[in-house]
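Below is one structure, written out as structure tokens; the observations come after it.
Computed from a predicted model, the values in this text were never measured in an experiment. To find a chain, count down the sequence lines: A is the first, B the second, and so on, and within it residues start at 1.
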Number of protein chains: 2
Amino acid sequence: MGRALRADAERSVRAILEAAERVLAQDAGASMEQIAEAAGLTRITVHRRFANRQALLEALAVSAKQQLIDAIEEARPDSAPALVALYRVTVNVMRVKNTWRYTLSHATAHTAAAAALWEEIDAHTVQLLDRAQHEGLLAPDADLEWTRQVYYALLSEALNRPGADRDPAAQDPDAQATLVIDTLLHGAGPRG
Amino acid sequence: MGRALRADAERSVRAILEAAERVLAQDAGASMEQIAEAAGLTRITVHRRFANRQALLEALAVSAKQQLIDAIEEARPDSAPALVALYRVTVNVMRVKNTWRYTLSHATAHTAAAAALWEEIDAHTVQLLDRAQHEGLLAPDADLEWTRQVYYALLSEALNRPGADRDPAAQDPDAQATLVIDTLLHGAGPRG
DNA sequence: GTTAATTGATACTTCAGTGTCGCAGTTCTG
DNA sequence: CAGAACTGCGACACTGAAGTATCAATTAAC
């Protein structure tokens with residue numbers, strides 16, 4: 001890396017990444033110019049910070065995944081009973097996933113850096129699920145990889161859940177986390 | 001509609017749609033030419049059948065959704081106990097969803113026709129889930145819209161499940177359907 | 001077997017997006 | 001405050017894809 005960016009340049013980078021998320025969420029094929037405009041900058045400045053479109057996409061992916069990791073670690077997934085930790089992690093992840101909807105759901109740029117971050121996220125998740133299994137929260141014969149996949153899917157679905165109009169409580173992070181975990185553990189069938 | 005297409009033209013249309021699915025699955029921004037080539041045709045022929053790119057995307061969406069409806073109705077979702085019907089529907093849907101991965105997961109073209117088909121699919125699904133609920137398969141207080149969302153998500157996840165290498169049985173449609181339904185009904189927690 | 005539809009080949013136009021450059025004005029940093 | 005870094009502006013070249021037109025050759029349909 002060269003020298004550190006100047007403060008205003010750093011601000012530009014953040015503005016671009018956030019604008020890219022917003023714009024691409026509505027049109028995955030949006031142009032650099034649309035992104036620049038949404039960031040309150042010129043197309044040229046975007047090109048100065050990110051050599052080409054691909055580089056921007058990669059930076060976006062890395063940034064979002066890093067925030068996801070931070071959110072997970074901030075929830076201290078290794079302390080407290082697994083159910084409590086799972087709940088805390090879910091709430092934190094939901095918040096980040098809500099902010100970076102596009103970037104975190106469209107796994108476009110498959111760079112080494114991004115892949116490494118995903119592996120770290122997966123590792124965190126599986127470790128937590130493994131602990132949950134040992135604490136009797138999950139079935140002893142549950143396939144943890146499949147459980148992880150289902151967990152991710154439920155997180156996405158909870159965010160895309162409509163009906164925020166009639167039931168504003170459904171948008172509440174706590175309510176969403178509860179729904180996700182409840183569904184993950186018990187499904188939709190009747191309780192024993 | 002004008003007069004019916006000649007047999008060879010009809011074949012071309014099918015080839016184009018199938019090629020589009022294959023090509024777009026790997027690169028959502030693929031050009032008309034790439035699609036044409038994959039279909040064994042010229043770019044010009046594609047333009048003759050579909051005025052523009054958008055029209056092709058819409059036709060693709062309608063075609064795939066129609067096949068999904070056919071697959072559901074073919075499973076006779078209103079006969080037999082709900083669990084059996086759910087199983088049959090799941091197997092059939094899985095087959096179609098596997099063939100039209102791209103089209104059925106990327107809800108791009110939002111035309112009136114495509115939206116109407118989705119509503120029909122949703123109606124079928126919710127009706128089946130409602131019957132399942134009345135038969136005691138689902139919890140009496142289960143939110144059927146959420147259940148439907150989770151069901152769709154599980155179908156997608158089952159298709160994207162890796163590990164076909166070590167465990168070829170995981171690719172078996174019956175095994176996949178069993179996994180989806182089991183997870184939908186009971187989640188990953190221990191059984192009562 | 002005759003007619004009408006379909007297709008491929010070639011060529012052309014149009015257009016949007018990408019990426020670059022130099023220069024002038026502004027803003028941060030030490 | 002002085003130098004360095006950053007941004008905006010205008011202009012430019014380049015690429016790739018979309019879409020159109022005509023004509024000859026082929027192929028299905030009745």
Side-chain angles (χ1 to χ4, degrees), chain A residues 1-63 102-103 106 108-111, chain B residues 1-63 102-103 106 108-111:
Chain A
M1 311 262 192
R3 62 166 60 78
L5 289 178
R6 228 172 67 175
D8 50 352
E10 189 107 25
R11 247 176 296 154
S12 292
V13 170
R14 303 228 161 233
I16 292 170
L17 290 179
E18 288 167 14
E21 161 63 34
R22 260 175 305 166
V23 173
L24 293 177
Q26 292 202 330
D27 176 12
S31 68
M32 299 287 269
E33 182 142 35
Q34 287 175 274
I35 295 173
E37 189 185 8
L41 295 171
T42 328
R43 188 172 66 91
I44 307 176
T45 301
V46 177
H47 270 113
R48 254 194 284 264
R49 296 292 147 229
F50 304 97
N52 49 44
R53 184 188 185 83
Q54 196 59 26
L56 170 56
L57 272 300
E58 293 173 9
L60 195 57
V62 168
S63 164
Y102 168 78
T103 308
H106 294 67
T108 36
H110 279 318
T111 68
Chain B
M1 312 264 194
R3 61 168 60 80
L5 290 177
R6 229 171 65 175
D8 49 353
E10 189 109 23
R11 243 175 298 151
S12 292
V13 171
R14 304 222 161 237
I16 292 170
L17 290 179
E18 289 168 12
E21 161 63 34
R22 258 175 304 163
V23 173
L24 293 177
Q26 293 203 328
D27 176 12
S31 69
M32 299 287 268
E33 181 142 34
Q34 288 175 272
I35 295 173
E37 189 186 8
L41 295 171
T42 329
R43 187 171 66 90
I44 309 176
T45 301
V46 177
H47 270 113
R48 252 194 288 263
R49 297 291 148 231
F50 305 97
N52 48 45
R53 184 189 184 82
Q54 197 58 26
L56 170 57
L57 271 300
E58 292 173 8
L60 195 57
V62 169
S63 164
Y102 168 79
T103 308
H106 294 68
T108 37
H110 278 317
T111 69

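- Looking at heavy atoms from C-beta onward, B:Phe50 lies out of side-chain contact with B:Leu60 at the 4.5 angstrom threshold.
- Taking only side-chain nitrogens and oxygens, B:Ser12 comes nearer than 4.0 Å to OP1 or OP2 of C:dT7.
- Residue A:His47 places its side chain closer to C:dT18 than to any other of D:dC6, C:dT18, C:dT6.
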In a table with atom names and distances, give each donor-acceptor pair under 3.5 Å that connects a side chain of residues 34-49 of chain A to protein atoms at least two apart or in another chain.
from: A:Gln34; atom 1: OE1; to: A:Ser31; atom 2: N; distance (Å): 3.0
from: A:Gln34; atom 1: OE1; to: A:Ser31; atom 2: OG; distance (Å): 3.4
from: A:His47; atom 1: ND1; to: A:Arg43; atom 2: O; distance (Å): 3.4

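- Less than 4.0 Å separates DNA chain D from no heavy atom of any residue of residues 22-39 of chain A.
- With rounding to whole Å, B:Arg49 atom CZ is found 10 Å from C:dG8 atom P.
- Of the side-chain N and O atoms in B:Thr45, none sit less than 4.0 angstrom from OP1 or OP2 of C:dT6.
- Atom CZ of B:Phe50 and atom P of D:dT20 are 15 Å apart (whole Å).
- With rounding to the nearest 0.5 Å, the separation of OG1 in A:Thr111 from CD in A:Glu58 is 5.0 Å.
- One interatomic measurement links the two molecules: CG of B:Leu5 to C1' of D:dA29, which rounds to 14 Å at whole-angstrom precision.
- Checking B:Glu10 against B:Arg43, the closest nucleotide of DNA chain C that is more toward the 5' end is the one next to B:Glu10.
- The side-chain hydrogen bond (donor to acceptor under 3.5 Å, both in side chains) analysis of residues 11-27 of chain B, with sequence neighbours excluded, yields the pairs B:Glu21-B:Thr103.
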Can you run through DNA chain D from 5' to 3' and write each base as (, ), [, ], | or . depending on how it pairs? Watson-Crick or G-U wobble, both distances under 3.5 Å. ||||||||||||||||||||||||||||||
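- Applying the ring-ring contact (aromatic ring centres under 6.0 Å, His included) test to B:Tyr102 and every residue at least two apart in sequence or in another chain returns B:His106.
- Regarding A:Ile16, its CD1 atom lies at a distance of 12 Å from the C1' atom of D:dC6, rounded to whole Å.
- Residues meeting the salt bridge (Lys or Arg N to Asp or Glu O under 4.0 Å) test with A:Arg6, sequence neighbours left out: A:Asp8.
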Spell out protein contact along nucleotides 21-27 of chain C as letters: B when the base is contacted, S when just the sugar-phosphate is, - when no protein heavy atom is under 4.0 Å; keep the 5' to 3' order. B-----B
